[in-house]
2 protein chains.
Amino acid sequence: MGITKSEHFTDEQNELATLAKAIGHPARIAIIQHLIKVNSCVCGDIVNELPLAQPTVSQHLKELKNARLIKGNFEGNAICYCLNEEGFNKINGFFEHINTYLENKKNQCC
Amino acid sequence: MGITKSEHFTDEQNELATLAKAIGHPARIAIIQHLIKVNSCVCGDIVNELPLAQPTVSQHLKELKNARLIKGNFEGNAICYCLNEEGFNKINGFFEHINTYLENKKNQCC
DNA sequence: TATTTATATTGCAATATTACGATACAATTT
DNA sequence: AAATTGTATCGTAATATTGCAATATAAATA
């Protein structure tokens with residue numbers, strides 16, 4: 001039905017899913033990559049970097065902000081964006097867990 | 001429009017987004033966690049583990065399979081599922097990159 | 001071969017996401 | 001204050017996702 005039955009899953013599962021979902025769009029991947037590349041707060045040129053209209057980019061930034069994957073501070077009439085460790089630390093833990101499991105995996109039935 | 005303009009982004013960006021999107025649902029997080037927990041090929045009890053109907057679980061498994069995050073082999077009339085390193089290695093690289101960046105980040109303007 | 005067991009597919013309804021034009025808002029500059 | 005610049009929100013259309021009943025398929029077993 002397009003409606004996720006989140007009430008049937010744990011908070012942990014819902015939180016990880018929300019983070020992964022927020023990352024799961026090429027425009028938002030591009031935003032993250034750009035913030036890493038320039039290694040500084042980016043004051044608004046993200047719209048010019050992406051092949052999307054300004055309201056669309058604003059919406060993507062909002063989703064990343066809600067997921068705590070980026071932070072935005074006002075600087076005059078512009079906004080300074082950079083990565084937010086909070087969200088990334090959370091999901092990094094999950095991937096490190098998987099990585100460790102895959103490296104030590106004994107069962108090779110598949 | 002609900003239609004992602006994937007043609008405007010790089011293959012890398014689209015691939016990472018597809019992987020993150022596949023992970024971005026609590027049912028699929030639960031499947032991944034279960035496969036890690038039991039540390040063996042799971043022949044079909046995934047349906048019993050999840051609070052969803054069999055066709056829905058089958059659909060989630062299909063999406064994880066398409067994203068190369070799990071593998072499934074026939075074993076008699078059942079199927080043996082386990083994690084697929086292919087997809088995880090790809091997205092792990094991305095997160096390690098981010099992690100390294102965040103650890104070394106000098107710019108603390110946000 | 002008929003039945004059982006395990007999984008996939010189809011079809012559909014409900015909801016969510018994506019995109020953008022139009023517009024609003026807020027700070028800066030003239 | 002008016003104009004400019006940067007960003008957010010609203011409204012809406014198009015498409016995607018989620019979920020499941022019904023059904024199909026495929027292998028094992030009786």
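Lettering follows sequence order; numbering is per chain, from 1.
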Counting only side-chain heavy atoms from C-beta out, which of [options] sits nearest to [X]?
X     : options                : answer
B:A78 : D:dA8, D:dG6, C:dT7    : C:dT7
A:I3  : D:dT9, D:dT15, C:dA16  : C:dA16
A:S58 : D:dT9, C:dA19, C:dT7   : D:dT9
B:Q59 : C:dA16, D:dC20, C:dC20 : D:dC20
A:K21 : D:dG19, D:dT9, C:dA16  : C:dA16

Let me know the distance between [atom1] of [X] and [atom2] of [N], rounded to the nearest Å.
X     : N      : atom1 : atom2 : result
B:Y81 : C:dA6  : OH    : P     : 14 Å
A:K71 : D:dT7  : NZ    : P     : 18 Å
B:L52 : D:dC20 : CG    : C1'   : 10 Å
A:N48 : D:dG6  : CG    : C1'   : 11 Å
A:D45 : D:dT5  : CG    : C1'   : 14 Å

Counting any heavy atom closer than 4.0 Å, what does A:T56 reach on the DNA or RNA strands: base, sugar-phosphate only, or nothing?
base
B:H97 atom NE2, neighbour heavy-atom count above 12 within 6.0 Å:
no
Is it true that atom CG of B:N48 has more than 12 heavy atoms of other residues, nucleotides or ligands lying nearer than 6.0 Å?
yes
Pull out every residue in residues 61-69 of chain A that has a heavy atom closer than 4.0 Å to any atom of DNA chain D, ordered by number, or say none.
A:K62, A:K65
side-chain contact (heavy atoms from CB on, under 4.5 Å), that's the test. Do A:F94 and B:Q33 meet it? Break it down for me.
CA-CA 10 Å; A:F94 180 61; B:Q33 287 176 333; 4.2 Å; yes
Mapping A:P51 and A:G76 onto DNA chain C by nearest heavy atom, which one lands closer to the 5' end?
A:P51
Would one find a side-chain N or O of B:H60 under 4.0 angstrom from OP1 or OP2 of C:dA8?
no
Within the pair A:H25 and C:dA19, is there a side-chain N or O less than 4.0 Å away from OP1 or OP2?
yes
Does B:S58 use its side chain to pair, donor to acceptor, with the backbone of B:Q54 at less than 3.5 Å?
no
Measuring from atom NZ of A:K21 to atom CZ of B:R28, what distance do you get when rounded to the nearest 0.5 angstrom?
9.0 Å
Under 4.5 Å between any side-chain heavy atoms of A:Q13 and A:H8, yes or no?
no
With nearest nucleotide decided by heavy atoms, which residue, B:F74 or A:N77, maps closer to the 5′ end of DNA chain D?
A:N77
Please determine whether side-chain contact (heavy atoms from CB on, under 4.5 Å) holds for the pair A:L52 and B:F9, giving the CA-CA distance in whole Å, both sets of side-chain angles, and the decisive distance to 0.1 Å.
CA-CA 11 Å; A:L52 297 170; B:F9 298 98; 4.1 Å; yes
Per the atom types in the model, does the base of C:dA6 pair as donor or acceptor with the side chain of B:Q54 at under 3.5 Å?
no
